[in-house]
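Just so it is clear, the values below take in all heavy atoms, side chains as well, and ignore hydrogens, waters and symmetry mates.
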Amino acid sequence: MQIERIIVKKTEKLFGKVDLVGAKNAALPIMAASILIVGKIILNNVPCLTDIFNMKELLEKFGSKITFNTEKRIMEIDNSHLNSFKVDSCIMKKMRASILVMGPLLARFKQAEIAFPGGCVLGSRPIDFHLKAFNKMGVKIHRIDENLMAHAQDLKSAKIILEYPSVGATENIIMASILTKGTTVIVNAALEPEVLDLIQFLKYAGAKINIKLPAIIEIEGVESLKPLSYEIMFDRLEAGSFILACAVTGGEIHLPQARVEAMEVFLEKLVEMGHVVEVGLDGRGIIFKACNNPKSINFRTMPYPGFPTDLQAQMMAALCVSAGNSTIQETVYEGRLTHVRELQKMGAQIDINGDFVTVKGVEQLYAQHVIASDIRASCALIIAGLCAQGQTIITGAHHLYRGYENFIEKLKSLGALIEVIKE
Ligand code: EPU
């Protein structure tokens with residue numbers, strides 16, 4: 001097997017414009033939601049990522065006819081003739097998002113045979129909220145080893161109270177209830193921008209969905225959804241990652257597709273560090289100007305609109321070289337601190353106490369051979385490499401490709417000294 005290593009050298013400043021792609025975490029549930037629609041749908045701005053190809057492969061197992069023009073990022077999905085509701089464990093294990101087909105399969109076939117999903121190693125990552133909600137909607141679920149057999153005579157609307165605003169459970173319940181008679185109510189729903197993008201897609205297709213305060217989503221079942229064309233929202237995590245890369249090198253970058261409203265708390269923290277965040281002249285896009293001596297900050301990851309867990313690792317890398325002591329609390333995942341050891345190897349002064357992390361800013365990080373263990377950790381190590389003395393070598397590059405399209409090429413176009421070596 002060919003091994004890829006990412007080689008990163010200390011980079012002086014990043015400058016220029018970077019175009020963002022569509023959000024992986026919006027595209028994946030929207031692709032799953034296509035199961036609900038008989039007819040052809042067209043998705044624009046679909047990112048070319050491993051997870052997207054995995055979801056494509058998964059849908060094709062059900063009989064989906066899919067073409068994906070990767071240059072134009074246009075995906076056409078025709079689910080007129082689906083003929084299966086079964087997924088083998090091999091493909092389920094490739095990514096956590098595979099669980100998102102369960103809701104739409106139940107809505108369309110009243111049956112689903114799936115396995116427990118895989119994904120990044122971020123802790124135990126159970127699916128109990130999904131399963132409890134389906135139970136409440138009248139679905140009987142039997143577990144045989146790693147497989148789940150689910151069926152219902154008829155799905156029934158229900159009031160579902162989530163003990164935690166899980167993104168995936170919220171999306172799965174919405175998709176399961178779209179074609180279910182009556183009104184399903186989700187209390188303590190996740191309202192991440194990607195969940196709202198899925199809702200927008202479904203509403204354009206004819207779904208009746210209302211969002212009420214505080215964090216309540218009401219879904220009134222409809223007979224059917226109609227085919228449509230839809231543009232996936234920008235990737236706020238890609239945007240945040242480029243901003244943090246620029247924060248450690250210095251410079252100024254322009255992200256024309258980014259929207260401030262989708263990333264307020266994150267941007268506020270950058271301002272607190274001393275950086276400058278401006279909205280583009282036409283009222284759209286973000287211009288980020290890095291300051292010379294960023295300050296320490298404290299933050300904890302939270303469901304939206306709080307600080308996103310998916311930018312925690314990258315922000316930690318930036319705080320390693322910010323003046324003073326920063327504190328971070330990871331509250332979303334129990335196991336999302338694997339990057340700490342790798343950053344420590346590079347000279348970062350980091351202490352962990354449970355889910356609390358203290359980062360004491362140092363003048364300089366030093367290049368090392370480090371190992372990426374998940375999508376965001378791989379990005380964090382690239383960010384650390386950009387400000388480390390010497391040549392950082394990162395293995396585990398395949399994690400990066402699951403979540404970032406052309407990240408290395410785009411960084412290079414901004415002036416980063418980075419390349420991939422295949423051995
Ligand atoms: N959880 C449970 N039981 C459940 C579901 C979730 O205990 O049934 C726990 C999880 O273990 C986790 C927390 O709740 O500790 C949050 O999980 P959530 O369900 O909200 O996350 P997800 O739907 O599995 C999506 C993104 C993740 C992102 C999280 C949080 C997609 C495809 N994935 O995952 O993205 O971290 O929401 O915002 O949308 C990434 O892109 O790197 C990534 C991991």
Side-chain angles (χ1 to χ4, degrees), residues 24-26 28-36 51 54-55 58-59 62 85-89 91-120 122-152 154-180 184-192 194-196 198-199 202 207 209 215-219 221 303-304 309 332-334:
K24 161 182 86 74
N25 292 348
L28 289 170
I30 288 174
M31 285 173 74
S34 73
I35 294 174
L36 298 164
D51 276 9
N54 287 336
M55 183 60 95
L58 205 166
L59 293 176
F62 305 137
F85 47 82
K86 295 181 188 181
V87 191
D88 59 73
S89 91
I91 181 143
M92 281 297 289
K93 294 280 174 232
K94 287 189 182 173
M95 59 171 175
R96 166 88 176 173
S98 51
I99 188 64
L100 295 175
V101 298
M102 190 169 179
L105 284 179
L106 286 168
R108 183 150 173 176
F109 294 106
K110 312 286 179 277
Q111 296 189 68
E113 288 186 21
I114 64 162
F116 276 88
C120 283
L122 305 175
S124 60
R125 301 189 82 183
I127 53 167
D128 51 331
F129 305 154
H130 303 242
L131 302 185
K132 273 188 217 163
F134 293 144
N135 275 150
K136 248 190 153 174
M137 295 181 73
V139 180
K140 303 248 180 303
I141 303 171
H142 304 284
R143 179 177 178 170
I144 303 170
D145 301 326
E146 280 303 285
N147 298 308
L148 291 168
M149 318 286 177
H151 66 95
D154 237 338
L155 260 63
K156 55 177 202 270
S157 54
K159 179 173 180 181
I160 292 157
I161 301 166
L162 288 175
E163 62 190 76
Y164 182 89
S166 154
V167 171
T170 302
E171 292 168 340
N172 237 340
I173 301 162
I174 293 172
M175 293 187 281
S177 55
I178 285 291
L179 306 175
T180 301
T184 296
V185 180
I186 312 173
V187 177
N188 197 23
L191 293 174
E192 264 66 5
E194 296 77 14
V195 178
L196 301 186
L198 169 68
I199 291 177
L202 290 166
I209 306 174
I216 293 172
I217 299 178
E218 288 181 352
I219 308 106
Y304 189 81
T309 174
V332 179
Y333 293 109
E334 64 202 43

- [ ] Go through Ser166 and Glu171 one step at a time and tell me if the side chain to side chain contact (heavy atoms under 4.5 Å, CB included) criterion holds.
- [x] CA-CA 9 Å; Ser166 154; Glu171 292 168 340; over 6 Å; no
TODO: Output, in order, the C-alpha distance, side-chain angles, deciding distance and verdict of side chain to side chain contact (heavy atoms under 4.5 Å, CB included) for Ile99 and His130.
DONE: CA-CA 9 Å; Ile99 188 64; His130 303 242; 3.9 Å; yes
TODO: Run the numbers on Tyr164 and Phe129 for side chain to side chain contact (heavy atoms under 4.5 Å, CB included), then give the verdict.
DONE: CA-CA 8 Å; Tyr164 182 89; Phe129 305 154; 3.8 Å; yes
Task: Candidate pair Ile217 and Val187, rule side chain to side chain contact (heavy atoms under 4.5 Å, CB included), full reasoning - done: CA-CA 7 Å; Ile217 299 178; Val187 177; over 6 Å; no
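The closest side-chain heavy-atom distance from Ile186 to Ile216 is not below 4.5 Å. Counting heavy atoms from C-beta on, the side chains of Glu113 and Asn147 never come closer than 4.5 Å. Two residues are said to be in side-chain contact when any heavy atoms from C-beta on lie closer than 4.5 Å; Ile174 and Pro29 fail this criterion. Annotation: side chain of Val101 is in contact with side chain of Met55 (closest heavy-atom distance under 4.5 Å). Proximity of Thr180 to Met137: side-chain heavy atoms (C-beta onward) are separated by under 4.5 Å at one or more points. Residues Ser34 and Leu59 are in side-chain contact: their nearest non-hydrogen atoms beyond the backbone lie under 4.5 Å apart.
In this structure a side-chain-to-backbone donor-acceptor pair under 3.5 Å is present from Asn188 to Leu162. Between the Asn172 side chain and the Met175 main chain, no donor and acceptor come within less than 3.5 Å of each other. For the pair Asp51 (side chain) and Met95 (backbone), a donor-acceptor distance under 3.5 Å is absent.
Just one residue in the list Val87, Ile114, Ile127 forms a side chain to side chain contact (heavy atoms under 4.5 Å, CB included) with Met102, and that residue is Ile114.
Contact record, Met92 with Phe116: CB-O, 4.0 Å, taken as the closest heavy-atom pair. Shortest non-hydrogen contact noted between Thr170 and Ala190 is OG1-N, 3.0 Å. Contact between Ser177 and Thr184 at its shortest, heavy atoms only, is CB-OG1, 3.4 Å. Between Pro104 and Ala32, the closest heavy-atom pair is CG-O, 3.5 Å. Listed here is the closest heavy atom pair of Ala176 and Ala107: O-CB, 3.8 Å. Between Phe85 and Leu105, the shortest heavy-atom contact is O-CD1, 3.7 Å.
Aromatic ring pairs are classed by plane angle as parallel below 30°, tilted from 30° to 60° and perpendicular above 60°; the pair His142 and His151 is parallel.
Legend: salt bridge (charged side-chain N to carboxylate O under 4.0 Å, His left out) pairs involving residues 133-148, not counting sequence neighbours, sorted by first then second residue: Lys93-Glu146, Arg143-Glu146.
Of the inter-residue distances, the one linking Ile199 atom CD1 with Ile209 atom CD1 reads 5.5 Å to the nearest 0.5 angstrom. Residue Leu155 holds its CG atom at 9.5 Å from CG of Leu179, rounded to the nearest 0.5 Å. One finds the CG atom of Asn25 at 11.0 Å from the CD1 atom of Ile30 (value rounded to the nearest 0.5 Å).
Within a 6.0 Å radius of NZ in Lys110, more than 12 heavy atoms belonging to other residues, nucleotides or ligands are found.
Remark: Glu192 engages no residue in a side chain to side chain donor-acceptor pair (under 3.5 Å) (not counting sequence neighbours).
Lys132 has a carboxylate O that lies under 4.0 Å from a charged side-chain N of Glu163, or vice versa, which qualifies the two as a salt bridge.
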